[in-house]
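For reference, the structure is listed below as C-alpha cells.
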Amino acid sequence: MSDTAPDIPAIAERHFDNAAIEAKWQAVWEAEKTWEVANGPDGGPDAAVPQTAADDPPRAYVLEMLPYPSGEPHIGHLKNYAIGDAIAHFKRRHGVTVLHPMGYDAFGLPAENNAIKTGTPPRVATDQSIASFQRAFRSWGISIDWSREFGTHTPEYYRWTQWLFLKLYEQGLAYRKESAVNWCPQDQTVLANEQVVNGHCERCGTAVELRQLEQWQFRITAYADQLLEDLDTIDWPEHVKTQQRNWIGRSTGAEVQFHCAANATDYAVFTTRPDTLFGATFFVMAPEHPDVLRLAAGGPQEQAVRDYVNHVLTESREERGAADKTKTGVPLGTSVRNPVTGEDIPMWVADYVLMEYGTGAVMGVPAHDERDHAFARAYDLPIRRVVASEVDELPYTGDGPLVNSGEFDGLHNRDAYGEIVGWLAREGLGRASTNYRLRDWLLSRQRYWGCPIPIIHCPDCGLMPVPEDRLPVELPEIEEYQPKGQSPLAAATDWVNVACPACGGPARRETDTMDTFVDSSWYFLRYCDATNTERPWARAAVDRWMPVDQYIGGVEHAILHLLYARFFVKAFADMGLVGVREPFQALFTQGMILGPDGHKMSKSKGNVISPAPLVARYGADAARAYILFIGPPDQDAPWNENSLEGVHRFLTRMWRQSEELVAAGHGAGDGGGDFGFTAAGGEPSPDDLALLRKTHWAIDKVTHDLDGRFSFNTAIAALMELVNELYRRPAAAPAVRAFATASAASLVFPFAPHIASEVYERLTGRRVWEEPWPAADPAFLASDAFELVCQVNGKVRARVSAASGADRDVLEALARDALGSHLEGREIVKVVVVPDKLVNIVVR
RNA sequence: GCCGCGGUGAUGGAACGGUAGACAUGGCGGACUCAAAAUCCGCUUCCCGCAAGGGAGUGGGGGUUCGAAUCCCCCCCGCGGUACCA
C-alpha cells in the first residue's frame with residue numbers, strides 16, 4: 001500500500017449500516033416500480049395485437065404459494081419467499097421478464113374461530129394480518145409486482161370465484177350429494193377433521209356424531225385419468241408425483257355381481273383379483289352400506305347388526321383405520337351366490353370395508369388376501385386355496401397356477417385373470433373395471449368466513465344460479481359468528497330471503513360457503529390480469545404468462561392444493577378459458593423449518609419463530625441469506641441461529657472490501673468502474689492470478705448451483721470462499737480486487753439484494769439488477785497442475801502434483817514412484833488410472 | 001400397517017461411484033487493545049504417538065466394484081403424511 005492509502009483500521013472497524021442501505025434501495029424499487037411487468041399490447045382485456053418475435057423477450061412466471069394471513073409471518077414464510085425471490089432475480093439477470101406477484105389466501109377457519117372467541121370480525125383480523133405481511137415483504141426486499149396484489153376475500157376477487165363455480169356447475173362438474181360431516185351435538189356445529197380429537201369435539205369434548213347433509217361437490221373424479229397421465233408432462237419432484245399417483249389410486253380389476261336371493265338384488269363388488277373368485281367364501285359390506293340394516297331386518301341378527309353399526313359410527317377414522325386392530329364384524333343372517341361356484345356364501349358387515357372405496361362391499365377371499373384372512377380366522381369362516389404355491393402358509397398373495405377353480409384349474413393366475421373376466425362378461429355376471437381411490441371434492445362449508453356459493457333455492461324452480469350480472473353475492477356483515485345448528489349465514493335473514501331469479505317468487509340463498517381450496521385453485525390465473533373488471537382474466541393475458549414456470553411451496557400441499565389447482569385448469573381448458581392443461585410446469589417443494597424442539601412450529605406448542613427480530617438485528621439481507629445457508633432448501637431443518645453470525649460477518653467482510661477500495665480511489669469514479677484488468681494487458685502477479693481464478697471459479701459454481709439445482713447453501717459458501725480469498729490476497733492489484741468484490745456483490749444479489757446493490761454501485765456506478773449475470777472465463781477455470789491422488793487397494797497413500805492432461809502412463813509412473821515403499825514386495829494385480837484425478841494400484 | 005423424507009465431527013451442513021468433513025457456528029491459541037467488544041490470523045473427526053507416521057470412521061449387518069456416505073438387499077432409529085387401494 002502506498003502512503004496515500006486510506007486509514008484502513010478505522011474503516012475495518014465499521015459495520016455497514018444495514019437499516020440505511022435497505023431503506024435506500026427499497027425506496028428506489030418502490031418509487032421506480034422496478035419489479036412491475038406489463039402485459040403488453042396483447043394482454044389487455046380486449047386487445048389482441050400479435051407481437052413479433054423481436055419485441056418479445058423471454059418471459060417467466062415465478063410464483064410462491066400465496067400465504068394464508070394469520071397473525072404475523074413466521075420463519076417459514078421468510079424461507080419460501082427468499083427462495084422464490086432468488087429464483088426470480090436469477091432469471092431476470094438472464095434477460096428474462098419475470099412475473100412475480102403476491103396475494104393473500106384470506107378466507108378460512110382460524111379467522112372465524114378467532115371471531116367466535118374474541119368477537120373480532122374475521123375481516124378486521126384478516127386485514128390486520130395482511131397489513132403485517134405487506135410490511136414484512138417490503139422490509140425483506142422481496143421483488144414483487146405490487147400492481148397485481150389482491151386478497152381472496154375481496155368482492156373484486158370472489159366475484160370471479162363465484163363466476164367460475166357457476167361455469168363448473170353449467171358443465172355438470174359441480175353437483176349436490178348427501179355426504180357425511182362431523183357433527184358436535186353440544187356446539188350444534190359441523191367440525192373440521194382438525195377439530196375432532198379422538199372422536200371428540202376439541203372445544204367441548206362431546207362425542208362427535210356423523211350427520212348426512214346435502215352438500216356441493218366438484219366432480220374431480222371425471223379428470224382422474226388426465227390428472228394421473230399428465231403428471232408425465234410436468235417437471236415435479238418424483239416423490240410428489242408418487243404421492244399424487246397413490247392418491248388418485250387407479251386400479252384395474254373387475255366388477256363382479258353377487259346375487260342375493262333374500263331381496264332378489266345383485267350386489268356388485270370391485271376386485272383387483274378376479275382370478276381368486278373361486279376362493280370367495282364370504283361377502284362383507286361396509287357398516288354405512290344403505291342395505292345393511294334392511295337385509296338384517298326381521299331376522300335373528302337384527303339387533304346385533306344395529307348395535308354393531310351404531311358402534312362403528314362412533315369410532316374415529318383413525319381408530320377404524322389402524323390396520324393392526326382386531327377385525328370385527330357381525331353376520332347379517334343372509335347370503336349371496338358366488339357367481340362361479342354357485343355356492344351360497346354368508347353376508348357380513350365389518351368395519352374393515354369402506355363405503356367410500358369401490359362399491360362398499362367386498363368378496364372375502366381369505367386364502368389370498370391378508371385382511372380377509374384375518375377376518376376369516378377371527379370368525380372361523382372357511383378358507384379355500386385357489387392359487388398354488390410352494391409354501392403352504394396362507395394367506396398367499398403371490399402368483400401361481402389355479403387349483404379348486406373348476407375349468408380354470410392349472411391356468412397360471414395371471415392368465416386366468418382375463419379368462420375369468422371374459423367368462424363373467426359372457427354370462428352377464430361381471431365386467432372388466434377400473435376403480436379410483438380419488439373421491440369427488442366436497443366443497444361446502446357450513447361456515448361464515450368463506451366465499452358464498454352463488455345459488456338460490458326456489459321451492460318452485462329448484463336450484464337457480466345467481467345471474468352473472470348480479471355477482472358477486474356479497475358476504476353480509478353479521479353479529480354472531482357462533483353457529484346455532486346451521487351455517488352462521490342462515491341467521492342473516494335479510495340476506496337469505498331473496499326473490500327467485502326465474503319466477504320472482506320467494507326463495508332462499510344457499511347458506512354454505514366454499515372450501516378455501518376453491519379460492520386458491522385459480523389465483524395464479526388472476527395474477528395474469530388482476531384488475532380486469534369484465535372477466536376473471538383475459539385469455540390473452542393468461543396465454544402470455546401461463547403456465548407458472550416455477551412454483552415454490554411447502555411439501556404439505558403436495559396433494560390437495562396441487563391436485564385441485566390441476567383439476568381447475570383442466571376443466572377451464574376444456575371450456576376454452578385457458579390454453580394450458582397444467583398450471584405449474586416446474587415445482588420446488590421446500591422443507592419445513594422446525595421449531596428448536598425439532599417439531600413442526602405451531603402456536604399451541606409455543607415454538608414459533610418470528611423473523612422480525614432477526615431482521616431488526618442483523619438486517620433483511622443477513623436473515624434471507626442465512627435461511628438459505630442453513631441447508632438444502634428441500635430438507636426440513638430445525639431452527640437454530642448458529643451460523644447467522646457467520647453469514648452477517650460474510651456480508652460485512654464483502655462490504656468492507658468495497659469500502660477500502662472506494663476509499664483508495666478504486667470505486668465508481670475510477671475509470672467508470674470498468675475494471676479491464678485483462679484488457680489492460682498487464683502481467684498478472686501470482687496474487688492477481690489466484691484471485692482471478694477464485695473469482696471465475698465462484699461465478700461458475702454459483703451459476704451451476706442456482707441453475708435448476710437450487711443449491712443456495714453451497715452457492716453462498718462459494719461466495720464466502722471468494723471473500724476469504726480477497727482477504728488472503730491484499731497484495732493483488734486494486735483492479736483485480738475491485739473485480740472480485742464487484743463479482744461477489746453481483747453473485748450475492750439474489751440472496752442479499754440491498755447490500756449487493758450498494759456494493760456494486762459504489763464500485764461500478766451501476767445498478768446490479770440491470771446487469772447481465774456474470775460469465776466465467778474458461779481460461780481462468782483451467783489449471784496447469786492438479787494433485788494426483790495415489791491409492792493402494794483403494795486407500796490413499798500419497799498425493800503428488802501432476803500436469804493437467806498428462807497421459808495415463810505418466811500418471812501411473814508418478815504414482816508408482818510416490819508409492820514406492822507401499823508397493824515393495826507386493827504383486828501388482830491391476831492399475832486403475834483416472835486422468836486428472838487419481839491412480840489406484842491393486843496389489844496382493 | 002402403508003406412503004414419503006431423513007440418519008455424516010460438539011452443531012448446521014459439504015462431497016450427484018474417485019482425496020470424507022467444503023463453508024459456517026462453537027471451542028482452543030495468537031495479533032491488535034490499558035482492557036473489553038469488534039476485527040485479523042492459525043488450529044480444531046476420533047484413537048495411539050513428542051513427531052514422522054499409523055489405525056478407525058458417514059445408524060447396524062451383508063453385497064456389487066479396482067474404489068461405496070453415494071448403488072443393491074436386510075435390519076434399527078427419527079420426522080412427516082395417512083382414507084385397511086379389496
Side-chain angles (χ1 to χ4, degrees), chain A residues 8-9 11-15 193 237-240 242-243 245-251 253 269-273 276 280 284 317-318 320-325 327 350-354 356-359 361-365 368-372 374 435-439 555-556 558-559 589 591-592 594 598-600 626 629-632 634-647 649-650 652-653 656 701 709 711 713-721 724 727-728 730 787-796 798-799 829-834 837-843:
Chain A
I8 289 172
I11 290 168
E13 280 182 26
R14 285 169 54 193
H15 268 242
N193 285 341
E238 208 45 53
H239 69 268
V240 176
T242 302
Q243 283 186 73
R245 285 191 190 103
N246 292 343
W247 189 262
I248 295 165
R250 174 160 67 187
S251 49
V269 302
F270 173 76
T271 177
T272 55
R273 293 294 305 273
T276 64
V284 195
R317 261 177 235 188
E318 274 165 7
R320 195 171 154 184
D324 45 358
K325 173 175 174 281
K327 293 279 179 289
D351 67 355
Y352 80 94
V353 177
L354 304 178
E356 308 88 67
Y357 189 77
T359 63
V362 304
M363 63 181 197
V365 185
H368 304 292
D369 181 276
E370 291 183 8
R371 286 154 309 179
D372 294 343
N435 198 52
Y436 298 89
R437 184 177 169 279
L438 181 70
R439 300 200 292 260
V555 74
E556 65 269 23
I559 299 181
T589 51
M592 263 184 293
L594 304 172
H599 293 279
K600 188 171 168 172
Y626 173 59
F629 183 68
I630 286 182
D634 57 334
Q635 296 293 320
D636 292 349
W639 176 254
N640 72 78
E641 293 180 23
N642 279 352
S643 304
L644 181 53
E645 199 69 60
V647 171
R649 211 169 274 158
F650 150 67
T652 305
R653 280 158 66 85
R656 203 183 303 116
K701 169 84 176 147
R709 224 188 130 199
S711 186
N713 55 331
T714 54
I716 292 167
L719 292 170
M720 288 174 170
E721 286 194 54
N724 290 345
Y727 277 78
R728 253 180 242 125
E787 192 176 58
L788 178 69
V789 172
C790 308
Q791 297 179 327
V792 177
N793 291 346
K795 279 191 195 302
V796 179
R799 296 182 174 95
V829 181
K830 184 172 184 177
V831 177
V832 179
V833 179
V834 183
K837 199 156 264 170
L838 61 76
V839 174
N840 184 18
I841 300 182
V842 185
V843 301

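Convention: sequence-line order gives letters A, B, ...; per-chain numbering from 1. All values below come from the heavy atoms of this structure, side chains included, with hydrogens, waters and symmetry mates left out.
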With both distances under 3.5 Å as the test, what is the Watson-Crick or G-U wobble partner of [N]?
N	answer
B:rA22	none
B:rA35	none
B:rC2	B:rG81
B:rA51	none
B:rG57	none
B:rU64	none

Going by salt bridge (Lys or Arg N to Asp or Glu O under 4.0 Å), name the residues that satisfy it together with [X], two or more places apart in sequence or in a different chain.
X	value
A:E370	none
A:D369	A:R371
A:R653	none
A:R250	A:D225, A:E229

[atom1] atom, [N] versus [M]: distance in rounded Å?
N	M	atom1	result
B:rG6	B:rG18	C1'	25 Å
B:rG12	B:rG63	C1'	33 Å
B:rG7	B:rG13	C1'	13 Å
B:rC77	B:rG60	C1'	10 Å
B:rA56	B:rU8	P	22 Å

N/O-N/O pairs, protein side and nucleotides 20-22 of chain B side, under 3.5 Å:
{"from": "B:rA22", "atom 1": "O2'", "to": "A:E721", "atom 2": "OE2", "distance (Å)": "3.0"}

Can you say whether a donor on the side chain of A:E787 sits under 3.5 Å from an acceptor on the base of B:rU19, or the other way round? yes

Suppose we screen for ring-ring contact (aromatic ring centres under 6.0 Å, His included). Which residues come up paired with A:F650, at least two apart in sequence or across chains?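 Not a single residue meets the ring-ring contact (aromatic ring centres under 6.0 Å, His included) criterion with A:F650.
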
Options B:rG18, B:rC84, B:rA86, nucleotide nearest the side-chain atoms of A:D372: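 Among B:rG18, B:rC84, B:rA86, the one nearest the side chain of A:D372 is B:rA86.
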
Using a heavy-atom cut-off of 4.0 Å across all strands, would you classify A:L838 as base, sugar-phosphate, or nothing?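 Touches a base.
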
Classify A:R653 by what it touches in the nucleic acid, base, sugar-phosphate, or nothing, heavy-atom distance under 4.0 Å.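 Sugar-phosphate, backbone atoms only, no base.
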
Closer than 4.0 angstrom, basic N to acidic O: yes or no for A:R245 and A:E238? yes

